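The next block holds one structure in the form of structure tokens; read it before the comments.
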Amino acid sequence: MLRPFVLHRPRTAEEACALLARLGEDAAPYAGGTELLLLMKLGLLRPRHLVDVKRVAGFDDIADGVRLSIGAGVTHRTVERSAAVQARCPLMASVARHVGNVRVRNVGTVGGNLAFADPHSDLATLFLALDASVELVSPRGRRELTLAEFVRGPWETARAADELLTSVRLTPWPASTAAAFVKFGVHERPTLGIAVALRLDGSGTGRARVVDARIAIGCVNPCPARAPGAEARLSGVALAELEDVAGEAAALAAASADTADDLYGSADYKREMVAVFVRRALRAAAARARGVAPVAGFPHTIVA
Amino acid sequence: MDASAAREPIHLVVNGRARDLAVEPYALLLDVLRDDLDLKGAKRSCDSQVCGACTVLVDGLAVSACTYLAVEADGRSILTVEGLAEGESLHPVQRAFVDAGAVQCGFCTPGMLLTTRALLDENPAPTREDVLHYLRGSLCRCTGYRKIVEAILAAARARGQASAPARVE
Ligand SMILES: Cc1cc2nc3c(=O)[nH]c(=O)nc-3n(C[C@H](O)[C@H](O)[C@H](O)COP(=O)(O)OP(=O)(O)OC[C@H]3O[C@@H](n4cnc5c(N)ncnc54)[C@H](O)[C@@H]3O)c2cc1C
Ligand code: FES
Ligand code: FES
């Protein structure tokens, strides 16, 4: 049972922000409701007004320009099946395919996922690795923040109460990028998510080298974080040697991870798992770069 | 403003039949189906989108009716398990579940059937892996899933045979 509320369905971002500004703490943006309605059923949130963002013009657009822009109201399912996303950022489509379950993917949105800032978000981890940014709109205008600026902590973002997330944008990495997202967990939400993206120079020549590396660690920490030590270790490494260096980079990543004890496991266990899964993610990315399928079949593990 | 007073008219097609209702904005689709329309096939179990017992199809897409506002269904078409069979004759997916022994207590079955229906509409020839992927978040506490997966693969095969072009003699 839900407590009574009034549902507003603005057609423009201006209207939506004006409502949020006027209603203040009594209101919450509402997209798919896959998180919001759960919290409301539990009585953890009791907004008396919901401002539906799904009819706001442009919120369900995917724009494929120099940058790829995904509207806040786009569902995981639409991302998964979008030809533009599959072509320009196949890892994003693949991560979307493995969010929660099919019912959550059919209704849950990209904007709702990021605005909620659950530490167990796969999208935040992925977008951090891919240097994505988010656009926010308010009565004061529009602004763009990097993902690291936007996600401040568990369930905490830089969004002001009268601001709406309109889209997430990124410049797709070259098609030759070696990338993988590996997630692990026995619950509905993942226990661990690791995103790796390795920009390669001279790929296809047999002498490919990593020129830029991104490793993002999610779920085990208060908010997703990059692993700068591990990234630096990988820079300049030849593709052929990547698997040998993977263990060392993974240990550096684990050492940098800000893990905490919770129901998903102890801090020590999670740190150990970060090492294991960063290594697996690097090996998966390296395998793909060589045109072979990554090793699969690890228990409770999805290689996206 | 007294929110509780504000009912909203919605128009939906439920199992092929047009329905005009007035619902509160905070009414959940599951309660409207079960209490207002007396369709008890969809069940409330986890109430948090992890089990699939409340699954119904909205314009062909599987949703958790336990966490979906009834007003969102306005102008859409809803399929519940009650709408699967044609009179006395079972839907091929239902037949496959019966034949494979994929039903024990039956609590998960409506959700499993509708999830299968959505899967096969999207992907008429799924692999075992596709089936397992699609069934994530559809829990069964009785069967151990093996027979459910067999039933789904059998339903897909039966459908493939039924729709294969007739051989020219
Ligand atoms: C069972 C289950 C399993 C899940 N598994 C995964 C998983 O494996 N990986 C993963 O990454 N995620 C997972 N999720 C989270 C899922 O991705 C989110 O629930 C979903 O994307 C949220 O989107 P929504 O549109 O439903 O948001 P809502 O529930 O509508 O909103 C969520 C929050 O964001 C705010 N909000 C929504 N839209 C905007 C906007 N445009 N601007 C500002 N604020 C906004 C709302 O006020 C609310 O606080 C899971 C969720 C469930 C229920
Ligand atoms: S009751 Fe809705 S998913 Fe479990
Ligand atoms: S048959 Fe009993 S829960 Fe599935």
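Note that this is a predicted model, so its numbers are computed, not measured. The sequence lines fix the lettering, A, B, ..., with proteins before strands; numbering per chain opens at 1. In what follows, every heavy atom counts, from backbone to side chain, and hydrogens, waters and symmetry copies are set aside.
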Among A:Asp52, A:Val102, A:Leu36, who wins on heavy-atom pairs under 4.5 Å with chain B?
A:Val102

Heavy-atom distance under 4.5 Å to chain A: side chain of B:Glu129, backbone, both or neither?
neither

So, the part of A:Arg3 with a heavy atom under 4.5 Å from chain B: the answer is backbone

May I ask you to decide whether B:Lys147 forms a salt bridge with B:Glu150, counting only side-chain N to carboxylate O separations under 4.0 Å?
no

Between B:Leu61, B:Leu119, B:Val58, which has the largest tally of heavy atom pairs under 4.5 Å with chain A?
B:Leu61

Is it the side chain or the backbone of B:Cys51 that comes within 4.5 Å of chain A heavy atoms, both, or neither?
backbone

Exactly one of B:Asp31, B:Asp35, B:Asp36, B:Leu29 should register a side chain to side chain contact (heavy atoms under 4.5 Å, CB included) with B:Leu33. Which one does?
B:Leu29

Lys/Arg-Asp/Glu bridge criterion (N-O < 4.0 Å) met for B:Lys40, B:Asp38
yes

Find the one option among B:Cys66, B:Ala118, B:Ser138 whose heavy-atom pairs under 4.5 Å with chain A are most numerous.
B:Cys66

Can A:Arg189 and A:Glu35 be counted as an ion pair, charged N to O under 4.0 angstrom?
yes

Go through B:Leu135, B:Leu30, B:Thr55, B:Leu69 and name the one with the most non-hydrogen pairs under 4.5 angstrom from chain A.
B:Leu69

Options A:Leu50, A:Leu7, A:Thr34, A:Ile302, ranked by heavy-atom pairs under 4.5 Å with chain B, top entry:
A:Thr34

Measure from the ring center of A:Tyr264 to the ring center of A:His120 and say whether it is less than 6.0 Å.
yes

Can you confirm whether B:Arg44 is buried at CZ, in the sense that more than 12 heavy atoms of other residues, nucleotides or ligands lie under 6.0 Å from that atom?
yes

I'd like to know whether NZ of B:Lys43 has more than 12 heavy-atom contacts from other residues, nucleotides or ligands below 6.0 angstrom.
yes

Among A:Met1, A:Lys54, A:Met40, residue most engaged with chain B (heavy-atom pairs, under 4.5 Å):
A:Lys54

